[in-house]
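For reference, the structure is listed below as structure tokens.
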Amino acid sequence: MSPHLTVTLPDGSQRELDEGTTVADLAQSIGPRLAKAAVAGSVNGKLVDLGAPLHDGDAVAIITPNSDEGREVLRHSTSHVLAQAVTRLWPGARYAIGPVIENGFYYDFDLPDGARFSDSDLERIEATMREIIKENQPFIRSELSVDDGLALFADQPYKCEIITSVGPDAGEVDAAPEEVGGAVVVSTYRNSESFVDLCRGPHVPSTSKLGHFKLMRVAGAYWRGDVHRPQLQRIYGTAFETKEALEQHLFFLEEAKRRDHRVLGHELDLFSFPDEIGPGLAVFHPKGGTIRRVMEDYSRKRHVEEHYSFVNSPHVTKAELFMTSGHLEWYADGMYPPMELDDGQQYYLKPMNCPFHTLIYKSQQRSYRELPLRFFEFGSVYRYELSGAVHGLTRVRGMTQDDAHIFCTQEQMGEELTRLLTFVLDLLREFGLSDFYLELSTRPPLKSVGSDEDWNVATETLRTVAEGAGLELVLDEGGGAFYGPKISVQARDAIGRTHQMSTIQLDFQTPQRFEAEFVGRDGTKQRPIMIHRALFGSVERFMAILIEHYAGALPTWLSPEQVRILPVRDDHEDYAHEVASTLGAVGERRTRVEAADEPLGARIRRAKLEKVPYILVVGDDDVAHGTVGINTRGAADPFRGVTVQDFSAYLTQEIDERSTVQYGAN
RNA sequence: GCCGAUGUAGCUCAGUUGGCCAGAGCAGGCGAUUUGUAAUCGUCAGGUCGUGGGUUCGAAUCCCACCGUCGGCUCCA
């Protein structure tokens with residue numbers, strides 16, 4: 001009788017198994033369907049191959065493809081198939097790393113003779129991948145010593161570098177060597193005589209488990225993300241457990257494309273980027289300008305309520321200011337080159353507003369009684385973004401921040417930050433975003449100033465405040481600004497994508513550099529703490545996110561045109577204007593009457609395409625009874641015979657409450 | 001900045017292996033039509049084919065450089 005071992009399953013039940021039983025055997029003993037679906041196992045929280053042996057006391061779960069972990073295994077294995085396909089098509093190709101990423105995977109290659117992938121190569125590679133999958137190749141794991149690993153991958157320099165890079169950053173590479181039982185080993189997975197890859201695993205038992213994949217695009221990528229290292233050719237792909245899941249993902253990508261603010265911004269005539277002006281520099285057309293105005297007006301109103309003081313500062317300044325602030329030392333790459341004036345004086349376009357607000361603080365002697373001082377400005381800043389980095393309104397070279405700098409005492413800092421976080425989240429909710437998490441960015445390892453102690457105090461204060469907000473908190477190691485750590489609010493939009501919105505940064509440096517002071521209760525001079533914060537982030541970026549969140553169908557209060565009134569015949573036109581002025585009698589109502597020189601259907605269609613929230617049709621019946629026919633955006637049928645008073649009352653409430661619920665919606 | 005793709009009327013796109021004055025739909029102007037819920041009809045105008053070089057008897061089409069755009073890398077609000 002063979003010895004026994006006992007394992008625990010996720011439901012808490014226990015199973016007695018023979019010694020030497022593998023994860024695959026366990027799956028088989030639970031059920032043949034599970035065994036067929038299984039791609040990997042989880043033993044004591046660690047993902048392993050199906051072939052991994054079990055030990056007494058293990059907590060085991062069978063991983064199937066329809067889970068996050070299962071899809072990861074699937075994608076990771078598919079990336080190996082991609083690498084094998086590339087080495088078949090380009091003999092001598094070197095393969096670097098091929099990790100799983102959100103929604104897919106990639107693999108980086110260095111092709112022989114400096115060859116490059118083009119889009120048309122993707123089909124060929126996919127075809128070869130399908131052949132490999134059909135060949136039903138096994139994934140065979142081996143563990144080797146470092147020396148044997150180096151010998152095996154002698155003609156693969158990137159693999160060798162990974163093997164030898166046992167160091168602090170080794171963990172970022174999925175295939176890094178591990179210590180097993182005191183000895184450093186590397187693990188490999190062999191698919192065939194000709195293809196073996198360095199990898200931590202786990203993998204599916206055979207390529208036949210794969211199949212629902214698609215290569216998405218090619219791109220250049222620096223080896224280990226370092227601009228100074230060779231640039232490799234990266235292929236992105238994705239894989240799913242079923243054809244349906246893959247198609248659903250592709251549909252999601254289409255949906256994201258449909259919401260693209262650059263496309264909608266053009267279609268809805270909101271803004272453009274004329275070549276004559278330059279990359280990343282937008283102009284806002286009347287409709288886009290109206291949206292901005294409404295956003296900014298509302299923001300101003302809220303800042304007044306939160307006791308901010310409104311300040312203003314110029315767009316250019318002498319170089320000296322940015323020397324003092326440290327920007328020229330730390331941020332010069334992000335700044336436009338200086339312009340030189342006749343007297344040899346250099347002037348810079350400002351990339352940030354903080355130095356200006358600090359000077360306003362310093363314009364007089366400050367007392368502790370005045371603090372906290374909160375200086376707010378819609379400040380336009382210019383940043384010299386790399387030409388490849390600009391992207392619609394979300395990454396531009398000229399933008400307007402809803403920027404403020406709060407000067408307070410160390411004691412006030414915690415409460416001020418807590419208030420601020422409440423303010424931010426409220427404001428974002430008022431614009432219709434509701435799903436948030438927070439990110440805490442800590443000291444950048446290379447570019448930063450200040451003492452460790454200051455950084456620690458600042459970081460811990462932010463952490464405490466963030467935790468107090470009761471939201472999910474994610475750590476962004478090394479992602480802070482050069483002068484201090486930050487909390488950023490991340491928002492999930494209508495289709496689940498996350499966007500970085502507001503940032504709140506703590507800064508002990510700027511007050512020091514500018515020698516900002518206040519007189520304390522005891523009469524001594526003390527240094528204030530500075531909080532940088534932007535709630536929209538930038539007005540441009542926030543508008544882009546709203547456009548994508550709402551797919552262009554902005555809530556009525558934000559819509560550039562809220563109501564379009566269509567007279568059926570031209571003798572209804574006077575009445576149409578009457579309706580417009582009745583609606584406008586209670587405040588700003590952005591209405592337009594479109595004359596009856598085209599069939600009604602054509603005018604309705606145009607208004608629908610322009611995503612106007614309300615189309616009012618007025619004809620004989622309406623003139624006779626003082627009513628309108630309401631065609632609500634998104635509604636299937638119009639509502640006929642509603643009195644102008646009733647509609648106006650509804651509209652007033654909807655706009656005042658910044659509601660997203662339109663007339664007639666359930 | 002780097003890698004790849006791409007650039008034809010205001011917009012969306014045709015334009016076969018280089019070969020008559022470069023086409024269509026929508027949008028725009030003009031005229032007619034007076035219309036009850038997603039496209040009324042006619043007519044006119046509109047392009048140095050991103051820019052600059054080159055190859056050729058001949059270039060939107062082939063080559064080079066630059067500019068812009070798109071997808072990534074890096075960076076970031």
Side-chain angles (χ1 to χ4, degrees), chain A residues 106 108 114 116-122 216-236 260 262-263 266-267 269 272-280 331 333-334 351-352 381 383-396 399-403 441 447 479 481 486 488 499-503 505 532-542 544-545 566-573 595-610 615-622 628-632 635-641:
Chain A
Y106 66 79
D108 285 348
R116 313 273 183 215
F117 293 124
S118 73
D119 290 343
S120 57
D121 290 327
L122 292 183
M216 307 301 293
R217 60 179 71 93
V218 300
Y222 300 106
W223 169 233
R224 299 210 143 171
D226 186 341
V227 193
H228 306 292
R229 315 268 331 240
Q231 188 163 40
L232 306 175
Q233 298 282 300
R234 175 172 296 179
I235 295 180
Y236 283 93
D260 190 324
R262 293 166 303 180
V263 177
H266 175 251
E267 282 174 7
D269 193 20
S272 60
F273 293 88
D275 289 350
E276 294 86 339
I277 299 177
Y331 197 76
D333 286 351
M352 293 186 194
V381 297
R383 299 183 182 177
Y384 188 71
E385 299 291 347
L386 293 179
S387 62
V390 296
H391 179 95
L393 287 180
T394 59
R395 196 74 188 278
V396 292
M399 62 173 159
T400 302
Q401 295 179 306
D402 60 331
D403 206 4
S441 303
K447 294 177 115 186
K486 69 178 181 193
S488 53
H499 304 274
Q500 176 171 327
M501 317 286 314
S502 325
T503 56
Q505 306 182 331
H532 306 238
R533 39 112 293 172
L535 308 190
F536 290 161
S538 81
V539 180
E540 290 82 359
R541 180 194 178 82
F542 192 56
I545 290 166
L566 305 180
V568 173
R569 268 193 328 271
D570 56 10
D571 53 318
H572 303 129
E573 229 175 275
D597 49 11
E598 268 184 299
L600 185 62
R603 288 178 286 152
I604 299 255
R605 178 181 147 82
R606 192 160 42 242
K608 290 276 186 192
L609 290 175
E610 291 175 37
I615 302 165
L616 302 185
V617 174
V618 294
D620 287 335
D621 297 349
D622 301 295
V628 294
I630 304 171
N631 190 324
T632 300
D637 298 304
F639 307 96
R640 295 277 303 270

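Naming: A, B, ... by sequence-line order, numbering from 1 per chain.
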Euclidean distance for [atom1], [N] against [M] (whole angstrom):
N: B/A22; M: B/U16; atom1: C1'; answer: 15 Å
N: B/G46; M: B/U40; atom1: C1'; answer: 24 Å
N: B/A5; M: B/C41; atom1: C1'; answer: 43 Å
N: B/C66; M: B/C20; atom1: C1'; answer: 33 Å
N: B/U61; M: B/G31; atom1: P; answer: 41 Å
N: B/G7; M: B/U43; atom1: C1'; answer: 32 Å
N: B/G42; M: B/A59; atom1: P; answer: 38 Å
N: B/G18; M: B/A27; atom1: P; answer: 37 Å

Open item on the list: If you compare all heavy atoms of A/Ala635 against all heavy atoms of A/Lys608, which two are closest, and at what distance to 0.1 Å?
Closed with: O-NZ, 4.3 Å
Task: By side-chain contact (heavy atoms from CB on, under 4.5 Å) - contacts of A/Val396 (at least two apart) - done: A/Phe273, A/Met399
TODO: Evaluate whether atom OH of A/Tyr331 has more than 12 neighbouring non-hydrogen atoms of other residues, nucleotides or ligands under 6.0 angstrom away.
DONE: yes
- [ ] Kindly compute the distance separating CZ (A/Arg262) from OG (A/Ser272), expressed to the nearest 0.5 Å.
- [x] 14.5 Å
Open item on the list: Name the residue from A/Arg224, A/Arg234, A/Arg229 that meets the salt bridge (Lys or Arg N to Asp or Glu O under 4.0 Å) definition with A/Asp108.
Closed with: A/Arg234
Task: Non-neighbouring partners of A/Arg606 that pass salt bridge (Lys or Arg N to Asp or Glu O under 4.0 Å), sequence neighbours left out - done: A/Glu594, A/Glu598
Open item on the list: Base contacts versus sugar-phosphate-only contacts with protein, heavy atoms under 4.0 Å: please encode nucleotides 67-77 of chain B as B, S and - from 5' to 3'.
Closed with: -SSSBBBBBBB
Task: B/S/- contact track for nucleotides 35-46 of chain B, protein heavy atom under 4.0 Å - done: BBBBBB------
- [ ] Sequence neighbours left out, what passes side-chain hydrogen bond (donor to acceptor under 3.5 Å, both in side chains) with A/Ser441? Give chain and number order.
- [x] A/Asp476
TODO: Examine distances only and state if a side-chain atom of A/Gln233 and a backbone atom of A/Phe117 form a donor-acceptor pair shorter than 3.5 Å.
DONE: yes
Task: Side-chain (A/His266) to main-chain (A/Val263) donor-acceptor, under 3.5 angstrom - done: no
Task: Protein-nucleotide distance (A/Asp269, atom CG; B/G28, atom C1'), rounded to Å - done: 14 Å
Open item on the list: Output the rounded distance in Å from CG (A/Leu232) to P (B/G4).
Closed with: 13 Å
TODO: Dot-bracket notation for RNA chain B is requested: 5' to 3', Watson-Crick or G-U wobble pairs only, both distances under 3.5 Å, with ( ), [ ], | and . as defined.
DONE: (((((((..((((.....[...)))).(((((.......))))).....(((((..]....))))))))))))....
Task: Pair A/Arg533 + A/Asp403: basic N to acidic O under 4.0 Å - done: no
Task: NZ/NE/NH1/NH2 to OD/OE distance under 4.0 Å, A/Asp622 and A/Arg640 - done: no
